[in-house]
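Both backbone and side-chain heavy atoms feed into the values below; hydrogens, waters and symmetry mates do not. In the text below, chain A, chain B and the rest are named by the order of the sequence lines, each starting its count at 1.
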Number of protein chains: 2
Amino acid sequence: MSTPSPQAVTIRDVAHAAGVHVSTVSRALNPERRGLISEEVLRVVEEAAQRLGYRPNRAAAALRTGRTRTIGVLVPDITNAVFPPILQGIEASASARGYFVFVTNVVDHALARPIVERMMAQKVDGVVLAIATRDDPLLDFLRQAGMKAVLVNRADESGRLPAVVSDDRLAMKLAVDHLVGTGHRRIAHLAGPQDVPTGVARRQGVEQALRDRGLPLAAEAECDSYSREAGRRAMAQLLAQHDRPEAVVCCNDLVALGAYDELRARGLRVPQDISITGHNDMPLVDMVDPPLTTIRLPHRELGWRAAEMLFDEIEGRALSASTVVLRPELVVRESTCARTG
Amino acid sequence: MSTPSPQAVTIRDVAHAAGVHVSTVSRALNPERRGLISEEVLRVVEEAAQRLGYRPNRAAAALRTGRTRTIGVLVPDITNAVFPPILQGIEASASARGYFVFVTNVVDHALARPIVERMMAQKVDGVVLAIATRDDPLLDFLRQAGMKAVLVNRADESGRLPAVVSDDRLAMKLAVDHLVGTGHRRIAHLAGPQDVPTGVARRQGVEQALRDRGLPLAAEAECDSYSREAGRRAMAQLLAQHDRPEAVVCCNDLVALGAYDELRARGLRVPQDISITGHNDMPLVDMVDPPLTTIRLPHRELGWRAAEMLFDEIEGRALSASTVVLRPELVVRESTCARTG
DNA sequence: GTGAAAGCGCTAACAA
DNA sequence: TTGTTAGCGCTTTCAC
């Protein structure tokens, strides 16, 4: 049972061993065409392939068919805890369907286009993008090049590409309603970057939810990134320019934790002085001090669904929906409390 | 400037446009062989390639050369915060050298072998493994198949494959020395799974460090995985079977947080009643209550170095070292305090 | 310094 | 139902 040396056994070897022609082997080993083969030959071929340890050379098949059974995934920052579960969902779907996944970190958005071009040279069958900015020219490029693509986490507002997203407006409504329901009135928002679809949608969600309750937005500051440092800076700015709000709805957990940092530095207590809410329910935010009230997203499902949509498109099945919107849910912890006037 | 439709422009088109033979184009566009080409022709070919938007078809090159400029990475769980920075390091190295990275989550270790086989069919040039168990038969399989491979994070004790790891024994020594130096004497260990190299090395590190200080190991319990739940169970077990220690050195941050859970449930305070140390310095452990004293690893560098070693091997450069050991460092926070008595 | 030609391993018309 | 044949796009030996 010694394993043959690299690239030993090819389809020709199997054909030879089975006493049939290579094309017969090819058919026998292709699930879609094995119906054309007689029981007897099928058995012989499979036995030979098994015995020789035959593994079809994907590069050769790719060259011939133009399909590689690989996809690319572009994420902005894999160390951001939002993305690993999304990737896991994508990978689980891919693995179940016999695809491999190229993962790339797109550190600088200007690098996205060359990365996509390299992926096209690599002949990936499609890409999942977790990096779209608003009005991203990359999407036009992909369409023009005929590359199959699905967005995840961030939607394309102009609907050029299918997307799987969480309902950001609903998410913020859940946060605002929780705060209003527990007696908060002066509610502020730490908004995300406004060149990213999620940043815009969440801000609109907060504003709409407050309007629905007949309340004004007490104050607002914009973070230049979804990071703890940006959150801290924005919180400082907000406190410098406005009366202190009773609660701050944050666009993201990291930003909320940055707000914690700034409040702690100023000797203000959460939630006694200010209630804080986050968004994402990152790992460990249940263990910070105080445990963060936040919005939980079905990240893994986001990735899974996006990948399934992409494979449907690649394999020519009808696309059921162009944009899939998943429901987030509120997780109440101890960074929010009841206000009684 | 309309982008050509998928798979439009090939090396033949460029040759035609430049008025030379395809083989000349191939040479001109290959950095290693362009020395053979005259200035003049080089210029013409490059201009034509540029103008037509030529991108070499990697699948075709792969079939011809047997090299794909892709590598595979196997991680046990991408949602474990240890791995994203490692992946980032790998990806940064790969990207700089023109490689793409297939990432797969190996949920069940029994799936590792078939995944590696699929990767071999995909003709990856090598693999980085973050999943080796002790005496893993997978390593023999890889060697026998002639697949280039480098281990990361977990070393192979029998030295079958090169590896890049952190010094686990030193890490535990740093923790123990810190505790002894701050007056702790009754020191216990929450050990990692003993079928994983890191679990064994860290336990040995704790035992050795205590021996060096002339102290006994006050108590020990083994976790069946590197998870918060396992940490909690092990902590419960430890408290049930032994007198309460003054400090517990944990094999990992998640396990340490599980210990927090159990202690809190019993009304015990960290660090007043028991000091706790972790390992990894995961994101946010500086924000938990109390902020965790732990060991910081150069995760990104671990990944980077492993990838560089793999590329050196793939590209036939001499391997400088078979096992690279990086230095961890102690990060003191508030889960440990001085004991006076 | 450049061209000619063969062939990597596979799949898919087409023929029988 | 099976075999024959051509060729996917590229690299590389060999010849000039």
*Name the residue closer to the 5' end of DNA chain C, choosing between B:Gly35 and B:Thr65 according to the nucleotide with the nearest heavy atom.*
B:Gly35
*Tell me: CD1 of B:Ile11 to P of D:dC10, nearest whole Å?*
5 Å
*Are A:Ser26 and C:dT11 close enough that a side-chain N or O sits under 4.0 Å from OP1 or OP2?*
yes
*What is the distance, rounded to the nearest whole Å, between atom NE2 of A:His21 and atom C1' of C:dG9?*
13 Å
*asked:* Is there, by distance only and without an angle test, a donor paired with an acceptor across the side chain of A:Arg58 and the base of C:dG9 below 3.5 Å?
replied: no
_With nearest nucleotide decided by heavy atoms, which residue, A:Arg12 or A:Arg27, maps closer to the 5′ end of DNA chain C?_
A:Arg12
*Under 4.0 Å between any heavy atoms, over every strand shown, what does A:Ser23 touch: base, sugar-phosphate, or nothing? Just pick one.*
base
*How long is the line joining CZ of A:Arg33 and P of D:dT2, in whole Å?*
15 Å
*Rounded interatomic separation in angstrom, taking CG from B:Leu36 and P from D:dT11*: 14 Å
*Looking at B:Leu142, B:Val73, B:Asp156, B:Val152, which hits side chain to side chain contact (heavy atoms under 4.5 Å, CB included) with B:Leu129?*
B:Leu142
*Any Lys/Arg nitrogen of A:Glu308 or A:Arg305 sitting under 4.0 Å from an Asp/Glu carboxylate oxygen of the other?*
no
*Go through the steps to decide whether B:Arg134 and B:Asp195 satisfy the test salt bridge (charged side-chain N to carboxylate O under 4.0 Å, His left out), and finish with yes or no.*
CA-CA 6 Å; B:Arg134 292 179 73 197; B:Asp195 57 347; over 6 Å; no
*For the side chain of A:Arg69 and the backbone of A:Arg97, is there at least one donor-acceptor N/O pair under 3.5 Å apart?*
yes
*asked:* Please classify the nucleic acid contact of A:Ile37 as base, sugar-phosphate, or nothing, using heavy-atom distances under 4.0 Å.
replied: sugar-phosphate
